[in-house]
Amino acid sequence: MINITFPDGNIRQYESGVTAIDIAKSISEGLARNVLSAEVNGQVWDATRPISTDATVRLFTWNDTAGKATMWHSSAHLMAEAIEQLYPGVKFGIGPDIENGFYYDIDTGERLLTESDLADIEKRMIELAKEKQSYLRVDVSKKEALDHFVQKGDEYKIELINELNDGEITLYKSGTFTDLCRGPHLPDTSFIKAVKLTSLAGAYWRGDEKRKQLTRVYGITFPKAKELEDYLILLEEAKKRDHRKLGKELELFAFSQRVGAGLPLWLPKGAMLRDRLEHFLKKVQKEAGYQPVITPHIGNVNLYKTSGHFDKYGKDSFRPITTPIEGEAFFLKPMNCPHHCEIYNVKPHSYKDLPIRYAEFGTVYRYEQSGELHGLTRVRGFTQDDAHIFCTPDQIKSEFKGVIKIIMRIFKALDFNEFVTQISLRDPANKEKYIGSDENWEKAESAIKEVAQEEGLNAITVVGEAAFYGPKMDFMVKDAIGRKWQLGTIQVDYNLPERFDLTYIGSDNEKHRPVMIHRAPFGSMERFVAVLIEHCAGKFPLWLSPEQAIILPISEKYQAYAEKVLQFLNNSDIRGLIDDRSEKAGKKIRDAELKKIPYMLVVGEREEADGTVSVRKHGHGDLGTFDLNQFALMLHEEETKLQND
RNA sequence: GCCGAUGUAGCUCAGCUGGCCAGAGCAGCUGAUUUGUAAUCAGCUGGUCGGGGGUUCGAAUCCCUCCAUCGGCUCCA
C-alpha cells in the first residue's frame with residue numbers, strides 16, 4: 001500500500017500501481033470521468049500512469065490550467081495524426097500547447113497546406129477523436145527512438161532526440177501516430193469534442209530565421225461544442241475592441257500610404273486624447289522633480305557612434321541624411337538618451353546636483369521590419385515619454401523606486417490592473433550582444449532584482465531580454481486579442497555615462513561616474529494609447545475623452561440656447577460640442593452613443609425656459625434634468641475622482 | 001525580412017466559373033420635415049475596382065510584379 005496526500009492535506013492509502021483515474025474513482029465517478037491529468041510529486045503525469053510510491057497527488061480537470069494544457073497538447077497529437085493520414089510523408093517539428101490552444105510545426109514538403117485544407121483536417125480530427133484512441137506512453141532508449149525517426153525520415157525529430165539523454169526519452173502512441181514526447185496526455189481522444197483550427201502561419205524551425213520555415217497550424221479544442229461556440233463569440237467581441245478598428249471609427253488616428261507605412265497621423269480627437277495623457281504625466285513628473293528638456297529630431301552620426309547605437313542598429317535604420325558637406329551625415333534620432341547625455345555634459349556637476357532628471361516627450365524613428373508594423377503598437381515614428389535620471393550609484397535604488405511609483409500611479413489612474421512585471425537580464429552565453437563590463441552589468445542587474453524584491457513586485461525574470469546597454473524592468477499589458485505589449489520600462493545603464501564620459505565631482509573632490517536610468521512610464525504614446533483604447537473599448541474615462549458632452553437641441557428653435565450651453569461648458573473647461581443637424585432627437589442620441597461621447601445634453605423648450613439640460617450618460621440612459629452649474633460640478637467631480645484614484 | 005491570406009465609393013460589404021453602362025446600405029450634398037432619449041422622407045453626388053505590366057476580341061474577375069493591410073515567425077535601442 002502507498003500513501004497518497006491530497007492538496008487539502010488528507011492522506012489516503014491505495015494499492016501500489018494505482019492511477020490518478022483510480023484515485024478519482026475512489027472519490028466520485030463524475031470526477032473520474034473528468035480527470036485529464038494529475039500532478040504527482042510536482043510533475044504533471046498521465047492520469048493513466050501507475051503510481052508506485054508515496055506521493056502528493058493533485059487531479060486536473062478542464063477547469064485547471066494544467067488540465068487544459070494536457071487537453072491541448074493531446075489535441076496537437078490528434079491534429080498531427082489527422083494531417084499525417086491526409087497528407088502522407090509530412091514531417092513534424094514541435095507541437096506544444098499554448099495559452100489558448102496548441103500548434104504544430106509541420107514540414108509539408110511539396111504539398112502546401114492552405115486554409116481550405118483546415119476544414120478537412122478538423123473533420124478527420126473529430127473522426128479520430130470518436131475512435132477513443134488511447135495515448136500510450138512508451139519508454140525507449142535513445143537508439144530505439146532514433147531508429148524510429150530515421151526510418152520515418154523525420155530529420156526534425158532526429159535533431160531533437162540527439163539533444164536528449166539516453167534513459168529519459170519517451171514516445172507517445174495514439175492511433176496511427178507516434179511522437180517523441182515527454183507527455184503527459186489525455187487518457188484517450190474522446191475528451192476532444194470540438195475542434196477549430198484557427199490559423200496557418202510560417203514559423204522558422206527552432207525560431208531561427210536562418211533555418212527552414214515550417215508551416216505552423218494553430219488550433220484549439222474543447223470538451224463541449226458549446227464551449228467552442230462561446231470561445232468564437234468571445235473572439236468576435238475582442239475584435240470589436242481592436243484599437244485599429246476603434247481608432248478608425250472614433251476618428252482618433254489614421255495611416256496614409258502617401259505618408260508611409262508605420263507613420264501614424266493623429267486626428268484631432270486622437271491628438272486631444274494624447275494631449276490629456278501628456279498633460280497628466282507632465283504634472284506627475286513636475287511633482288517628482290523632473291525638468292523638461294527639448295532636443296532635435298536628428299543628430300550627427302557621430303553621436304550614435306559614441307553611444308553605440310550606430311554599431312548595433314545602423315544597418316537596420318533609416319539611411320543617414322547627408323548634407324552638402326562631404327562626409328557629414330545625420331540620423332533621425334532612434335533614441336533620446338544620447339542627446340540627453342550631451343545636455344548633462346553642458347556643464348560640470350557636483351554630487352550635490354544629483355539626481356538630475358531630464359524629461360522629454362521625444363519623437364524617435366526606427367525602421368521596423370515591414371512585417372512587424374501593427375496599428376499603433378508597432379510603428380516607425382513614435383513619441384516616448386522619455387526621461388533620463390543621472391544619479392550616484394547609491395541613489396539608484398531610491399530613484400528606481402520613484403519611477404515605479406509613477407508607473408503604478410498611471411496604471412492605477414487608468415485601471416490597468418492586469419499587468420506583468422518583467423525583469424530582463426542579459427544572456428551570459430551571448431555576451432557579445434551587449435556592451436559594457438561584466439562588473440557594471442552585475443551591479444545593474446542586482447540593483448533591479450533588489451528593488452523588485454524590496455517593492456514586493458511579483459516580477460518574472462527573463463534572461464536574454466536586456467537592452468544592449470543594460471538590464472531593464474518592463475511592465476507588460478495584454479491587448480484585446482491577448483498579445484502582450486511592453487508599456488512602461490525602466491533601464492539601468494552604466495555604459496552610456498562611460499561612452500559620453502559623464503562625470504560629477506564627489507565630496508572627495510574627485511571625478512566620479514554617474515549612473516543613468518532610462519525610463520518611460522507609458523513607453524510610447526502610440527502604443528499606450530493603443531492599449532488604452534482596447535482596455536476601455538473606446539469608452540475613455542471622462543478626463544481623457546476628446547469630447548466630453550454633446551448638446552442635442554430638439555429642433556432648430558433651440559439652437560440659440562444650445563450655443564449658450566456650449567458657451568457655459570467652454571467657460572467651465574468642459575469639452576463640448578453641438579449636434580445642430582436637422583435630425584430627430586432619437587437619431588442624434590443614437591449617433592452620440594455610437595461615438596461613445598460620455599454625456600448627451602438634450603435641450604428643448606423646457607430646458608430653455610428653466611436654464612437646465614436633460615442629461616443622458618453614455619451606456620446608462622437618462623439621468624434627468626440638471627441645472628447647468630450642477631452638471632458642471634458633477635463632471636468635475638467625476639474627472640478628479642478618476643484621475644486621482 | 002520570411003510564410004500564408006486579403007485589397008471594389010469616406011465606412012461596411014456584394015459582384016470575381018472573364019462578356020449588359022460596377023452595385024447596396026451608411027456617411028456626404030440638396031430639398032422637405034422642426035422633431036423629447038438608439039436610425040424622418042425624397043432626390044443627388046461619389047469608384048484610376050491598391051499601383052504597374054501581361055494574356056485575351058473583351059479583365060474588378062486569369063497570370064507576373066510592386067505596394068499596403070491582416071494572421072503568424074523573426075526582430076524590437
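In what follows, every chain begins at residue 1, and chains take the letters A, B, ... in the order their sequences are listed.
Checking the phosphate oxygens (OP1, OP2) of B/U34, no side-chain nitrogen or oxygen of A/Arg581 falls inside 4.0 Å. Remark: A/His374 is in phosphate contact with B/G71, judged by side-chain N or O atoms under 4.0 Å from OP1 or OP2.
In this pair, A/Tyr469 does not lay its aromatic ring on the base of B/A77; centres under 5.5 Å and planes under 30 degrees do not both hold.
In this entry B/U48 has no Watson-Crick or G-U wobble partner, no candidate having both defining distances under 3.5 Å. Pairing for B/G18 is absent, with no Watson-Crick or G-U wobble pair whose two atom distances lie under 3.5 Å. B/U6 and B/A68 make up a base pair, with Watson-Crick or G-U wobble contacts both under 3.5 Å. With a 3.5 Å ceiling on both atom-pair distances, B/A59 lacks any Watson-Crick or G-U wobble partner. Under the Watson-Crick or G-U wobble criterion, with both distances below 3.5 Å, B/U33 has no partner in any strand shown.
Among B/C70, B/U37, B/C3, the nucleotide with an atom closest to any side-chain atom of A/Val602 is B/U37.
Whole-Å rounding puts the A/Glu465 CD to B/C76 C1' distance at 9 Å. When rounded to the nearest whole Å, the span between CG of A/Leu235 and P of B/G71 equals 12 Å. The NZ-P distance, from A/Lys210 to B/C73, rounds to 18 Å in whole Å. Going from atom NZ of A/Lys588 over to atom C1' of B/A39 covers 14 Å, rounded to whole Å. B/U12 atom P lies 15 Å from atom CG of A/Leu594, rounded to whole Å. Going from atom CZ of A/Phe255 over to atom P of B/A68 covers 13 Å, rounded to whole Å. Look at CD on A/Gln369: it is 9 Å from P on B/C2, rounded to the nearest Å. Look at CG on A/Leu487: it is 14 Å from C1' on B/C76, rounded to the nearest Å.
Applying the 3.5 Å distance criterion, the base of B/C67 shares no donor-acceptor pair with the side chain of A/Gln257. With hydrogens and angles ignored, a donor-acceptor pair closer than 3.5 Å exists between the side chain of A/Arg378 and the base of B/C75. With hydrogens and angles left out, the side chain of A/Arg216 and the base of B/C3 share no donor-acceptor pair within 3.5 Å. In this model, a side-chain donor or acceptor of A/Glu607 finds a partner on the base of B/G36 within 3.5 Å. Remark: the A/Arg616 side chain and the B/A38 base include a donor-acceptor N/O pair separated by less than 3.5 Å. Interface remark: the A/Tyr204 side chain does form a donor-acceptor pair with the B/G1 base, using a distance-only criterion of under 3.5 Å.
Residue-level contact check: A/Glu583 touches the bases, meaning some heavy atom is under 4.0 Å from a base atom. Using a 4.0 Å heavy-atom cutoff across all strands shown, A/Ser614 reaches at least one base atom of the nucleic acid. Nucleic acid contact for A/Ser582: base, since at least one base atom lies under 4.0 Å from a heavy atom of the residue. Note on A/Lys248: only backbone sugar-phosphate atoms sit closer than 4.0 angstrom, heavy atoms only; bases stay farther off. Residue contacts for A/Arg211: at a heavy-atom cut-off of 4.0 Å it reaches no nucleic acid atom on any strand shown. Among the protein residues, A/Tyr103 comes within range of no part of the nucleic acid, since none of its heavy atoms lies under 4.0 Å from any strand. Residue contacts for A/Lys212: at a heavy-atom cut-off of 4.0 Å it reaches no nucleic acid atom on any strand shown. Residue A/Ala203 is in sugar-phosphate contact alone, with no base atom involved, counting any heavy-atom pair closer than 4.0 Å across all strands shown. A/Lys312 comes within 4.0 angstrom of nothing in the nucleic acid, heavy atoms only. Residue contacts shown for A/His518 are absent, as no nucleic acid heavy atom lies under 4.0 Å away. Nucleic acid contact for A/Gly586: sugar-phosphate only, since backbone atoms but no base atoms lie under 4.0 Å from a heavy atom of the residue. At the heavy-atom level, A/Ser199 lies under 4.0 Å from the strands shown only through sugar-phosphate atoms. Counting any heavy atom pair closer than 4.0 Å across all strands shown, A/Gln486 reaches no nucleic acid atom. At a threshold of 4.0 angstrom between heavy atoms, the contacts of A/Gly207 are confined to the sugar-phosphate backbone, with no base atom among them.
Counting heavy-atom neighbours within 6.0 Å of A/Lys196 NZ, excluding the residue itself, gives a total of 12 or less. Dense packing is recorded around CD of A/Glu432, with more than 12 heavy atoms of other residues, nucleotides or ligands lying under 6.0 Å away. With a 6.0 Å radius and a threshold of 12 heavy atoms from other residues, nucleotides or ligands, A/Gln630 has its CD atom above the threshold.
Here the two rings, on A/Tyr358 and A/Phe390, have centers that are under 6.0 Å apart. Less than 6.0 angstrom separates the ring centroid of A/Tyr469 from the ring centroid of A/His518. Proximity of the aromatic rings of A/Phe416 and A/Phe475 is defined here by a centroid distance below 6.0 angstrom, and this criterion is not met.
For the pair A/Leu112 and A/Glu556, nearest-nucleotide mapping onto RNA chain B gives the more 5' position to A/Leu112. Toward the 5' end of RNA chain B, the nearer of the two residues A/Lys587 and A/Gln491, judged by each one's closest nucleotide, is A/Lys587.
Figure legend: A/Arg527 and A/Phe522 shown without cation-pi pairing, the cationic atom not lying both under 6.0 angstrom from the six-membered ring centre and within 45 degrees of its axis.
Rounded to whole Å, the separation between the P atoms of B/G72 and B/G10 comes to 29 Å. Distance noted for atom C1' between B/A60 and B/C21: 15 Å (whole Å).
Within the 3.5 Å criterion, the main-chain N or O of A/Arg581 finds a donor-acceptor partner in the side chain of A/Lys588.
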